[in-house]
Every structure is written in structure tokens, then in C-alpha cells.
Amino acid sequence: MKKLTLLLLTLTVITACDVEPLDPAYTQGGGNQGGGTGSESADLTMSIYELDTQVNLEFFGAPIETITNSDFNIANSKIISGSNALSANGSPFENENLIITRNSSGQIINDESVNTAGVTTNETTITYTNGVISNITYTYYEDAEENYSYNFTYDGNTITRTEEGSSISTVFTVDNSDRIIQKESFENGFSIQFESISYTANGNISSSIRTGETDSNTTYQFDDNPNPLKVIFEDNYLLTFLDDDYSDEIGSPIAQFLSTNNWNGATFDGNVFNFDLEYNSAGRIESRVIAYNFGPELSFEFNERFSYVN
């Protein structure tokens, strides 16, 4: 199974034109359909996070559909294990378990996927120097062409990533709160993709503007309730982005996983979308559906469910 890493749940909500919402009635996969579970109190301790994803696209005229169902087990506000099930074009689901290894400081040093036969299919190894990420190496054991190794250097408020064997480098810029505010990728010294991020005073992302190979202008809307994913995904915050592809958008993952409140809508290049969120009586988010249709070339839907303990 290709890379189904814990931290790269990137939303591909870019290059929208004439976009329309999908029918949110579609729900695929195991787990707790119809919302999370747990007490109705105000305690926001999560125990399970479920994310089901359906993507439909055309590749040289051929339709492709992938369905990925992911469950993440949480303890002490950290993801401790998980599982993924992947189906492509109606094939039987391939199941893998996610094994996470941390160092004594709580930093993730290995993220390994193991199939039902007990064989490791892929893994990510993270190396730290003086407490910061210095190398990320990904190994996909079934196809070496998927492998990569990233190296990182730090200078003031910038982090530069280079990939072994590649002419592309990426520079991440952080603000005084160590939040990423800019991502720019270069090929042979020429800028090919740029993204600028702005935040509101209470810690929600307000906008993402991209120029280069992909141009987009996105603003984000939120409810007034606490986002239970924030404390979980702030753990190893930089790893979420330093292990992405140079062309990946970072604005939507920030909105979904790292903003103060729950992401409930967005405006993509002038097209307004409102998401479907359900809450319990204490205002906890129990489920969310994010669905888009970019025409015959691309459509996708995310179904999230949140379960809690006290």
C-alpha cells in the first residue's frame, strides 16, 4: 500500500473553478457511523479519531476511485496507534496497522505501516539533531521509486528542505509563535510555488494565497467551539509539513487539524462552501463532512467522526 502516513492528511482543495458540493450522504467504511461517542460533559479528551476519504479523478481519461478509511487511537492527547484500509476502483480493502515510535522527548522517530501478514510495507524514519528535525527518510518496500530522503537546515526563522537526488528545495518560514506563515519551493534556484498564510488573533488560519504552478486564494471560516484535533496534531507540529511534497498546500491541513476552533467552511477562489458538522449537547464536535466536486477531473469527500472519554 502506498504511503498512508499519520501526519499527511492533506486536503487537495485547490484549483477550484465551477466547483459544486458533493452529496454528503455517502459514507464508506468501518468504525462508528453517524457520529462520535462519549460523555456529554465539556471534557474534550479524545479517544478515537476516524477519517474516511473518497477521491474520484480522471487520469488520461481513465476514471480512478480510491477509498481510504483511517482510525487513530489516542491516549494522553497523543496518537499512539492506528489503522488504514485502502480500496482502489472497487478492489478488496487492503488493511494495515500503524506503529508509532517516539524518543524519550516524545518526538516521533518512526512511523511504520504493517500489513495483515505482518510485513512492513512502508516506513518513515525521522532523525533529530539538537532537538530539531535534521532528516526524514521514507522507504516504500514495494517500489523504490517512491523512496525519498529530506535534509533540513535552520537559519533564524526559516527552515530549508533539500531532497537527495532532486533539484527542488523548499523554504518554510515561521513566525514568533513557531507557526508556519510561508512556504516557497525552488527548482534550480527559481521559485516555482509560493504559499502565504495569515492567522486571526485567536489562532485560526484566516487565509492562504498560492502562486506559481498552482494559483489559489482561500479564506477559512470556523465555529466558536474548541477544535479537539489541535492538541493532538500540535504534537510534532513541524513534522506535519516538513514531510509533505513541495507542491502540497498547507492551508487546509492547518484549518482542519491545527486551528483553535472547528473548521466549518471556506471560500475557494470566490466559491463558498459550508461543511456539515454535528455536535453533542456540550458543544463537542461529533462528526464533520467535507465534500467538493471540481468537475469530472476531481472530486473528493472527507467523513470525520470523533469519540471521547472523560
Side-chain angles (χ1 to χ4, degrees), residues 1-10 70 72 78-82 84 96-115 119-175 177-195 197 213 232-251 253-254 257-258:
M1 190 186 300
K2 284 193 64 173
K3 185 176 186 183
L4 294 173
T5 184
L6 161 67
L7 298 171
L8 299 182
L9 303 172
T10 304
S70 301
F72 301 103
K78 295 180 185 292
I79 294 175
I80 57 173
S81 64
N84 290 303
E96 293 186 343
N97 290 320
L98 181 68
I99 300 172
I100 299 170
T101 305
R102 300 173 185 265
N103 62 19
S104 60
S105 299
Q107 296 168 315
I108 295 174
I109 58 174
N110 189 266
D111 174 2
E112 179 181 3
S113 292
V114 179
N115 65 21
V119 176
T120 298
T121 61
N122 64 86
E123 65 178 325
T124 303
T125 302
I126 304 96
T127 302
Y128 299 84
T129 302
N130 297 323
V132 297
I133 296 171
S134 56
N135 177 269
I136 297 174
T137 297
Y138 173 72
T139 305
Y140 181 53
Y141 291 103
E142 297 178 16
D143 185 357
E145 291 186 1
E146 299 291 335
N147 299 350
Y148 60 80
S149 182
Y150 291 150
N151 294 306
F152 300 89
T153 58
Y154 297 75
D155 183 11
N157 65 336
T158 64
I159 306 168
T160 300
R161 180 182 70 197
T162 56
E163 181 180 356
E164 295 178 9
S166 173
S167 60
I168 296 176
S169 62
T170 300
V171 178
F172 301 87
T173 304
V174 301
D175 63 12
S177 299
D178 292 327
R179 301 175 300 186
I180 293 180
I181 57 173
Q182 184 175 297
K183 175 186 177 182
E184 186 168 15
S185 296
F186 301 84
E187 185 169 18
N188 295 318
F190 294 95
S191 179
I192 56 175
Q193 187 66 57
F194 177 84
E195 182 173 2
I197 301 294
E213 293 180 349
I232 296 164
F233 284 91
E234 274 187 334
D235 173 43
N236 291 266
Y237 169 87
L238 281 178
L239 183 57
T240 308
F241 307 105
L242 298 188
D243 193 23
D244 70 0
D245 187 76
Y246 83 90
S247 60
D248 286 346
E249 183 223 11
I250 63 174
I254 292 173
F257 301 107
L258 293 162

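Just so we're clear, the structure is a prediction, and the values are computed from it rather than from any experiment.
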Verify side chain to side chain contact (heavy atoms under 4.5 Å, CB included) between Thr240 and Phe257, making sure each step is shown before the conclusion.
CA-CA 10 Å; Thr240 308; Phe257 301 107; 5.9 Å; no
Please walk me through it: do Ser70 and Asn84 pass side chain to side chain donor-acceptor pair (under 3.5 Å)?
CA-CA 5 Å; Ser70 301; Asn84 290 303; 2.5 Å; yes
With side chain to side chain contact (heavy atoms under 4.5 Å, CB included) as the test, would you mind laying out the steps for Leu258 and Phe241 before giving the verdict?
CA-CA 12 Å; Leu258 293 162; Phe241 307 105; 3.5 Å; yes
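To the nearest 0.5 Å, atoms CD (Gln193) and CD (Glu187) are separated by 12.5 Å. Distance check, rounded to the nearest 0.5 Å: OG1 of Thr124 to CG of Asp243 gives 5.5 Å. The distance from the CD atom of Glu249 to the CD1 atom of Ile254 is 8.5 Å, given to the nearest 0.5 Å. Atoms CZ and CD1, on Phe186 and Ile192 in that order, are 9.5 Å from each other to the nearest 0.5 Å. Taken to the nearest 0.5 Å, the CD1 atom of Ile126 stands 6.0 Å off from the CD1 atom of Ile136.
Put simply, the side chain of Tyr154 reaches to within 4.5 Å of the side chain of Ile133, judged on heavy atoms. Counting heavy atoms from C-beta on, the side chains of Phe152 and Leu242 come closer than 4.5 Å. In this structure, Glu163 and Ile168 have side chains that are not in contact, with every pair of non-hydrogen atoms separated by 4.5 Å or more. By the 4.5 Å heavy-atom criterion applied to side chains, Asp244 and Phe172 are counted as neighbours. Between Phe194 and Gln182 the shortest side-chain heavy-atom distance falls below 4.5 Å. For the pair Lys183/Asp248, a side-chain contact is recorded, criterion being any heavy-atom separation below 4.5 Å from C-beta on.
Looking only at distances, no side-chain donor or acceptor of Tyr148 sits under 3.5 Å from a matching main-chain atom of Gly165. Between the side chain of Thr101 and the backbone N or O of Ile109 there is no donor-acceptor pair closer than 3.5 Å. Checked by atom type and distance alone, the side chain of Ser185 pairs as donor or acceptor with a backbone atom of Tyr246 at under 3.5 Å.
Nearest heavy atom pair, residue Asp178 against residue Tyr237, reads O-CE2, 3.5 Å. Closest approach of Ser81 to Ile100, counting heavy atoms only: N-CD1, 4.4 Å. Of all heavy-atom pairs spanning Gly251 and Glu195, the tightest one is N-OE2, 3.0 Å. Between Ile108 and Asn236 the shortest heavy-atom distance is N-OD1, 2.9 Å. Here the closest non-hydrogen pair linking Arg102 and Ile79 is NH2-O, 3.0 Å. Of all heavy-atom pairs spanning Tyr150 and Asp245, the tightest one is OH-CA, 4.2 Å.
If you run side-chain hydrogen bond (donor to acceptor under 3.5 Å, both in side chains) between Glu96 and each of Asn115, Thr121, Thr120, only Thr121 comes through. With Asn151 as the fixed residue, the side-chain hydrogen bond (donor to acceptor under 3.5 Å, both in side chains) test singles out one of Thr137, Thr160, Asn135: Asn135.
Within 6.0 Å of the CG atom in Asp155, the count of heavy atoms belonging to other residues, nucleotides or ligands does not exceed 12.
With 3.5 Å as the limit, one finds no donor-acceptor pair spanning the side chains of Tyr140 and Glu145. A donor atom on one side chain and an acceptor atom on the other are found under 3.5 Å apart for Thr125 and Asn110.
The aromatic rings of Phe72 and Phe233 lie perpendicular to each other, with more than 60° between the two planes, well past the 30° mark.
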